[in-house]
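One structure is given here, and the rest of the page talks about it.
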Protein chains: 2
Amino acid sequence: MPDVKSAANLLFLREEELRQGIELLYYAYRDFTAEPDAMLARYGFGRAHHRVIYFVGRYPQMSVSDLLGILRITKQSLSRVLGQLVRQGFIQQRPGSRDRRQRLLELTEKGIELERQLSENQRQRIAKAYREAGAQAVEGFRKVMLGIIGGEADRRRFERGPTR
Amino acid sequence: MPDVKSAANLLFLREEELRQGIELLYYAYRDFTAEPDAMLARYGFGRAHHRVIYFVGRYPQMSVSDLLGILRITKQSLSRVLGQLVRQGFIQQRPGSRDRRQRLLELTEKGIELERQLSENQRQRIAKAYREAGAQAVEGFRKVMLGIIGGEADRRRFERGPTR
DNA sequence: GAAAATAAGTCAATATGCCTGACGTAAAAT
DNA sequence: ATTTTACGTCAGGCATATTGACTTATTTTC
């Protein structure tokens, strides 16, 4: 019964393909974070500090609640990490001009330097992967990753054009 | 001076492209783990339990040290998580026949069921992304992800052919 | 203008994940 | 017979994150 056999085989291939997708994400993320984590440890920081520094560098003058929205953590969790970064002079806060309740966040010179160091490794890893895979593969990578990302709002961050 | 300007523009595009790569990984991984995390919380488990259940399901009869090698954590960290799963009947251990020092790991029926529930969400997310992006994009996704993964040994897990 | 909502911060208690270091046991390799 | 390996465990510690309760300043809404 070749029909049954090939149907089963298709299902099997599909199952295997999906598992490989899960694992590609797992291994890639694991390796992607390993080196920055090691660097952060030398400052007494953790991965949470990296995420804060990264996104504040990416979106200067962002508010605390925007940052909370991206990180999807509670303000109590953010508080300690952000407080450390502010007290140690990596991040600067200033009241918003339109809404003075807001504390707009910005990297200091020192913060910019740390961000650069931390992300350099990741940029090079991506650059290497992109270079080896080629432009067409990069396009496919983008498409699949955008499909994995859940929210419409987050997907919009990746619209075409250099500066979002 | 058009040369300088276009060179700077190229650098800018490249920088933006690399940053987007970093962020695609961040958002995709964040959303990829959010729902399983919520399910695990209902069992009193964390992401670590999911990883253990996933890989034991993927490679039945694997040894503890093989699992440690994949997870890249210490045996002390694994110990509590694995111990809970064994005591609560999700994972079964048996001495290896060739090397009786080994404890080979295997999911129980209960473990298989939990694994299926947890990964179903991730499989569907991948399936949706693959379906929407198309076969060629999936090929590109694989290429780029493999380029991001550091170790040759880990990349070998993704060689062609259904069963590794 | 008073009441309600929002942005941000704080105190407290708790859980989980992960680490280093030290030590123990059984089995295999040399 | 000694050393190495596979696994486990005790102890102590730090980072990340949670829920819940409460405060302050400012803006919005009625």
Side-chain angles (χ1 to χ4, degrees), chain A residues 26 29-30 33-34 36-56 61-88 91-106 118, chain B residues 26 29-30 33-34 36-54 56 61-88 91-106:
Chain A
Y26 170 71
Y29 197 77
R30 183 197 66 182
T33 50
D37 282 355
M39 299 175 65
L40 287 155
R42 294 198 285 274
Y43 286 81
F45 291 158
R47 198 177 291 178
H49 298 82
H50 187 187
R51 290 194 287 249
V52 169
I53 286 181
Y54 180 85
F55 284 110
V56 171
Q61 316 298 334
M62 83 186 307
S63 70
V64 171
S65 57
D66 286 348
L67 184 53
L68 287 173
I70 285 182
L71 298 179
R72 304 270 170 90
I73 58 175
T74 59
K75 65 180 170 183
Q76 295 91 327
S77 296
L78 176 59
S79 160
R80 186 182 47 91
V81 172
L82 183 56
Q84 283 177 304
L85 291 170
V86 169
R87 280 192 303 275
Q88 294 181 34
I91 287 179
Q92 215 184 309
Q93 289 173 308
R94 351 171 294 180
S97 52
R98 216 189 55 248
D99 184 339
R100 287 177 318 194
R101 290 171 304 180
Q102 295 182 326
R103 262 76 159 184
L104 303 184
L105 307 172
E106 193 173 14
L118 287 173
Chain B
Y26 169 72
Y29 198 77
R30 184 198 65 183
T33 50
D37 282 356
M39 298 174 65
L40 287 155
R42 293 198 285 273
Y43 286 81
F45 291 158
R47 198 178 292 178
H49 299 82
H50 188 187
R51 290 195 287 252
V52 169
I53 285 181
Y54 180 85
V56 171
Q61 316 297 334
M62 83 186 307
S63 69
V64 171
S65 57
D66 286 348
L67 183 54
L68 286 173
I70 285 181
L71 299 179
R72 303 270 170 92
I73 57 173
T74 59
K75 65 182 170 180
Q76 294 93 326
S77 297
L78 176 58
S79 161
R80 187 177 48 90
V81 171
L82 183 56
Q84 284 177 304
L85 291 171
V86 168
R87 281 192 302 276
Q88 294 182 34
I91 287 178
Q92 214 183 313
Q93 289 174 310
R94 351 172 294 178
S97 51
R98 218 187 55 249
D99 183 340
R100 286 176 320 195
R101 289 171 306 180
Q102 294 182 326
R103 263 76 156 186
L104 302 184
L105 306 172
E106 195 173 13

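Below, read A as the first sequence line, B as the second, and so on, with proteins coming before strands; counting in each chain starts at 1.
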Which atom of Leu78(B) lies closest to which atom of Val52(B), heavy atoms considered:
CD1-CG2, 3.6 Å
Comparing Val81(A) with Arg100(A), nearest DNA chain D nucleotide closer to 5' gives the residue Val81(A)
Whole-Å gap separating C1' (dA13(C)) and CZ (Arg80(A)):
15 Å
In terms of heavy-atom contacts, Phe55(A) and Met62(A) come closest through O-SD, 3.6 Å
In this structure, how many angstroms lie between the P atom of dA7(C) and the CE atom of Met62(A), rounded?
14 Å
To the nearest 0.5 Å, tell me how far Ile53(A) CD1 sits from Leu40(A) CG.
7.5 Å
As an exercise, state the distance from NE2 of His50(B) to CZ of Arg47(B), rounded to the nearest 0.5 Å.
10.5 Å
Which whole-number value in Å describes the distance from Leu82(A) CG to dT10(C) C1'?
14 Å
In terms of side-chain heavy atoms of Ser79(A), which of dC7(D), dA17(D), dT10(C) is nearest?
dT10(C)
Have a look at Arg47(B) and say if it touches a base, only the backbone sugar-phosphate, or nothing, with a 4.0 Å heavy-atom cut-off.
sugar-phosphate
Just checking Gly44(A): base, sugar-phosphate only, or nothing, at a heavy-atom cut-off of under 4.0 Å?
sugar-phosphate
Whole-Å distance separating the NE2 atom of His50(B) from the P atom of dC18(C)
14 Å
Computed from five pairs at either end and rounded to 10 degrees, the angle between the axes of the helix from dG1(C)-dC30(D) to dT30(C)-dA1(D) is 30°
Whole angstroms only, please: what is the CD-P distance between Gln102(A) and dT6(C)?
14 Å
Map Lys75(B) and Arg98(A) onto DNA chain D by nearest heavy atom, then report which one ends up closer to the 5' terminus.
Lys75(B)
Looking at every strand, decide which applies to Ser77(B) at a 4.0 Å heavy-atom threshold: base, sugar-phosphate, or nothing.
base
Quick one: Gln84(A) CD to dA17(D) P, roughly how many Å, whole number?
12 Å
Closest non-hydrogen atom pair between Arg30(A) and Leu71(B), with its separation:
CD-O, 4.5 Å
Side-chain N,O (Thr74(B)) to OP1/OP2 (dC19(C)) below 4.0 Å
yes
Within less than 4.0 Å of OP1 or OP2 of dG17(C), is there a side-chain N or O belonging to His49(B)?
yes
Which part of the nucleic acid, if any, lies within reach of Gln93(A) when heavy atoms closer than 4.0 Å are counted: base, sugar-phosphate only, or nothing?
sugar-phosphate
Look at all strands and tell whether Ser65(B) reaches a base, only sugar-phosphate, or nothing, counting heavy atoms closer than 4.0 Å.
sugar-phosphate
Describe, in one word, how the ring planes of Phe45(B) and Tyr43(B) are oriented to each other, choosing from parallel (under 30°), tilted (30 to 60°) and perpendicular (over 60°).
parallel
Which heavy atom of Ser77(B) sits nearest a heavy atom of Ile73(B), and at what distance?
CB-CD1, 4.1 Å
Distance col, row Leu68(B):CG vs Gln76(B):CD, nearest 0.5 angstrom, shows 9.0 Å
Rounded to whole Å, the CG-C1' distance (Leu78(A) to dA8(C)) equals 10 Å
Using only heavy-atom distances, decide whether a donor-acceptor pair under 3.5 angstrom links the side-chain of Gln76(A) to the base of dG20(D).
yes
Over how many whole Å does the gap from Arg101(A) atom CZ to dT26(D) atom P extend?
10 Å
State which of dC19(C), dG9(C), dC7(D) makes the closest approach to the side chain of Arg103(A).
dG9(C)
